[in-house]
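Worksheet: one structure, shown below.
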Protein chains: 2
Amino acid sequence: MRKQSVSTIRDVARAANVSTATVSHVFNDTRPVSEATRQAVLDAARRLNYRPSAIARSLTTRRTYTVGVVVADVLNPFFAGIIRGVEDLLWQQGRSLVVCSTDEQPEKEAYYLHLLLERRVDGVLVAPTGADLPVYAELQHHHIPAVFIDRRPPQPWGPTVETDNVRAGYAATRYLLDRGHTRIAILGRHQALSTVTGRFAGYRQALAEADITPDPSLAVTVDSHQEAALQGTLALLARRDPPTALIAANHVMTLGVVAAMRELGRQCPRELSFIAFDDLPWLALVAPPLTAVRHATAEICRCAVDLLMAAMNGQSTERNGTANYPIVTLPAELIERASCAHLDKAC
Amino acid sequence: MRKQSVSTIRDVARAANVSTATVSHVFNDTRPVSEATRQAVLDAARRLNYRPSAIARSLTTRRTYTVGVVVADVLNPFFAGIIRGVEDLLWQQGRSLVVCSTDEQPEKEAYYLHLLLERRVDGVLVAPTGADLPVYAELQHHHIPAVFIDRRPPQPWGPTVETDNVRAGYAATRYLLDRGHTRIAILGRHQALSTVTGRFAGYRQALAEADITPDPSLAVTVDSHQEAALQGTLALLARRDPPTALIAANHVMTLGVVAAMRELGRQCPRELSFIAFDDLPWLALVAPPLTAVRHATAEICRCAVDLLMAAMNGQSTERNGTANYPIVTLPAELIERASCAHLDKAC
DNA sequence: CTGTTAGCGCGTTCAG
DNA sequence: CTGAACGCGCTAACAG
């Protein structure tokens, strides 16, 4: 077998004695072709192992059938879920998905967005790091729509789909208040993301509504590592007046809290009631099962993809002057499990 | 601001009073350009918001700087880890990564590989479903190298990088044997993947070496869902002669086993010693901490990417006649934790 | 129903 | 050090 090069549409056209246009139309079903020539084309294509080049096609159609997904970390189960959800939705449209992990670094976010811009993806789904990057304007200039997921961008560069963090933080706190807790702590990452601030705001709001003067030292922020979360929890529980309940504002925090409880040999919920943000299978399997706030991941994906499609198929990104992008806020669900106890009134 | 279209290399050339060739060379640093014109070009580019089109570039260079990664499921933490590792390695080369989840369905695998083929990715990393797909030959025909990860392809269509499943299965079983267990069960998915068969083979080998006549009914295979794993475990533990130790051959199995233990109120390791394949943070945090087999994920990624790069930069896929592709087998690590107890001789 | 042809935006010879 | 011109593989007008 001699070194056969990859064959092009022209090779097929020659082999089938038709024009390249006909071949194109056979493959794209974009205008009627007589059955005879159609078969001839398909035969020739099969013989030559022909596969149309999406690159060449993209050059003329100005569509890549690809979208970029920029998240903090694919390894984080929450984002893995987002990616999976988006992939399934896009799959049906023949679109593929290039994934990028920023590790919460604005430089990496900018780098990846530039990459996606050069590749001329049809659109991007971004969980922004929070920095106000010039690349957002560039994307807009190049008519590449962006939809923000999970967190709000620093400026309204596009529609946003997020969990109702305020309400979720409120609901979790309220749930604990209803069980008699007054000294409730919350542990989150030390970062100005809308997720964090929202959850903390809901927490404070619930306390205020219950006429509890919030103790600022019970709202703890740490670096986004399990170890930091562990140390933060240890410090919290070592106080003379430790909290009776604790909310972990994301999954990494949850791991740290559980590690701390284990290290101290503290029992949950007898010695500390606990609510975890981000639900995962294992939370239901430990002793005690952990109460958790579950994101509406499927809805987030569906909504984000819908918005992106609308922007991609619709006219331009900027409709008339300054567009007013929607912020879609989806409710989270509190999954009740055994990790929250009623506090005796006596306390 | 009027509707300004996206500017091309020609616009930049005009604006800078140079030829398109010069602009190209400025951006790619591919031949000396006088500092004056260089600046003029960069200025013009900045003014026009110019970004080179990777599509047009790919059409001439025949390189997309993109690789496809086909796995069973991005949501599976093992594969998420693979993707993250590969992404980090590729990132430094300016390559991006399109991810595809097959859900173990050969049709989906074929579909995605065709998609990647049309997109002319520089190479693919595949965790095959096990089916012998014609698309493998097509990839080869189109000189798109494939490297297989985690599982072996049905035919040697490319190099493979995998965990040493036999040794890992052997080590886990041996570990339990050393602690006095003789009735050891293993629970895996019901599927003819090299991962499963390897782990089961190692299990049988260890038993044979210990002169234990293996009880086939202790090697259980079920569908790859937590519920099926749960049922399988329940059945195993409901026997008149239940095993004293159990190995879960992957993470889904682990979830099912833990759920079953919880449902039965069985204590680990007092009533059942347990080893989990696939290590995750939470395994160390439950009571008791779960002994686990940890894959050398980082090494798998490094090795797979190295092999892929070699194939992409090297000449063609088929060097001389039938290439002989290596199968790289990387050792897993047994992480000792408290979930395995010594069995009293008396038993 | 089918063919011709002109780009799409870039890299890359070959001349100068 | 620079420019002109061709081609990558395909789609989209326009003819027929």
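Within every chain, numbering begins at 1; the chains are lettered A, B, ... in the order of the sequence lines, protein sequences first and strands thereafter.
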Would you mind reading off the distance between Gln39(A) atom CD and dT2(C) atom P, rounded to a whole angstrom?
13 Å
Point-to-point distance, once rounded to the nearest 0.5 Å, from SG of Cys301(A) to CD of Glu299(A)
9.0 Å
Restricting to non-hydrogen atoms, name the atom on Gly123(B) and the atom on Met312(B) that form the minimum distance, rounded to 0.1 Å.
N-SD, 4.0 Å
Side chain of Pro52(A) only, heavy atoms from C-beta on: which candidate in dA4(D), dC10(C), dC10(D) is closest?
dC10(D)
If only side-chain N and O atoms count, and only distance matters, is there a donor-acceptor pair under 3.5 Å linking Tyr136(A) with Glu109(A)?
yes
Nucleotide dT2(D), atom P - distance to CD of Glu35(B) in whole Å
11 Å
Apply side-chain hydrogen bond (donor to acceptor under 3.5 Å, both in side chains) to the pair Thr66(A) and Arg119(A), showing each step before the final yes or no.
CA-CA 9 Å; Thr66(A) 299; Arg119(A) 286 186 179 23; over 6 Å; no
According to a strict under-4.0 Å criterion, is Ser19(B) in side-chain N/O contact with OP1 or OP2 of dT2(D)?
no
Please check the phosphate of dG11(C) (OP1 and OP2 only) for any side-chain N or O of Ser24(B) closer than 4.0 Å.
yes
Tell me whether the side-chain N/O atoms of Thr20(B) come closer than 4.0 Å to OP1 or OP2 in dC10(C).
no
Between Arg302(B) and Thr297(B), is there a donor-acceptor pair closer than 3.5 Å when you use the side chain of the first and the backbone of the second?
no
Rounded to whole angstroms, how far apart are NE2 on His25(A) and C1' on dA15(D)?
14 Å
Rounded distance (Å) that lies between atom C1' of dA12(D) and atom CZ of Arg63(A):
16 Å
Roughly how many Å is it from CZ in Phe27(A) to C1' in dC10(D), rounded to a whole number?
12 Å
Over all strands shown, is Asn17(A) touching base, sugar-phosphate only, or nothing at heavy-atom distances under 4.0 angstrom?
sugar-phosphate
Within the 4.0 Å heavy-atom criterion, would you say Thr30(A) contacts the bases, only the backbone, or no part of the nucleic acid?
nothing
Heavy atoms under 4.0 Å, any strand shown: does Tyr50(B) hit a base, just sugar-phosphate, or nothing?
sugar-phosphate
Sugar-phosphate only, base, or nothing, as touched by Thr8(A) at under 4.0 Å among non-hydrogen atoms
sugar-phosphate
Using whole Å, what does the distance between atom P of nucleotide dC8(D) and atom CG of Asp11(A) come to?
10 Å
Closest to side chain of Ser34(A), choosing from dT4(C), dT2(D), dC1(C)
dC1(C)
5′-ward residue of the pair Ala21(A)/Pro32(A) relative to DNA chain C:
Pro32(A)
Under 3.5 Å, is there any donor-acceptor pair linking the side chain of Arg62(A) to the base of dG7(C)?
no
Whole angstrom is fine here: how far is it from CD1 in Ile55(B) over to P in dC10(D)?
15 Å
Any donor-acceptor pair under 3.5 Å joining the side chain of Arg10(B) to the base of dG3(D)?
no
Interatomic distance, Ile9(B) CD1 vs dT12(C) P [rounded to whole Å]:
11 Å
Nucleotide nearest Val18(A) (side chain, heavy atoms from C-beta), chosen from dG11(C), dT11(D), dG3(C)
dG3(C)
Counting the atoms with a prime plus P, OP1 and OP2 as sugar-phosphate, which does Val23(B) contact under 4.0 Å by heavy atoms, base, sugar-phosphate, or nothing?
nothing
Relative to the 5' end of DNA chain D, which residue comes earlier, Asn28(A) or Arg31(A), by the nucleotide with the nearest heavy atom?
Asn28(A)
Give one of base, sugar-phosphate or nothing for Thr37(A), where a contact means two heavy atoms less than 4.0 Å apart.
sugar-phosphate
Would you say the side-chain atoms of Asp73(B) pair up with the backbone N or O of Asp103(B), donor to acceptor, closer than 3.5 Å?
no
Out of dG11(C), dC10(D), dC8(D), which has the shortest distance to the side chain of Leu59(B)?
dC8(D)
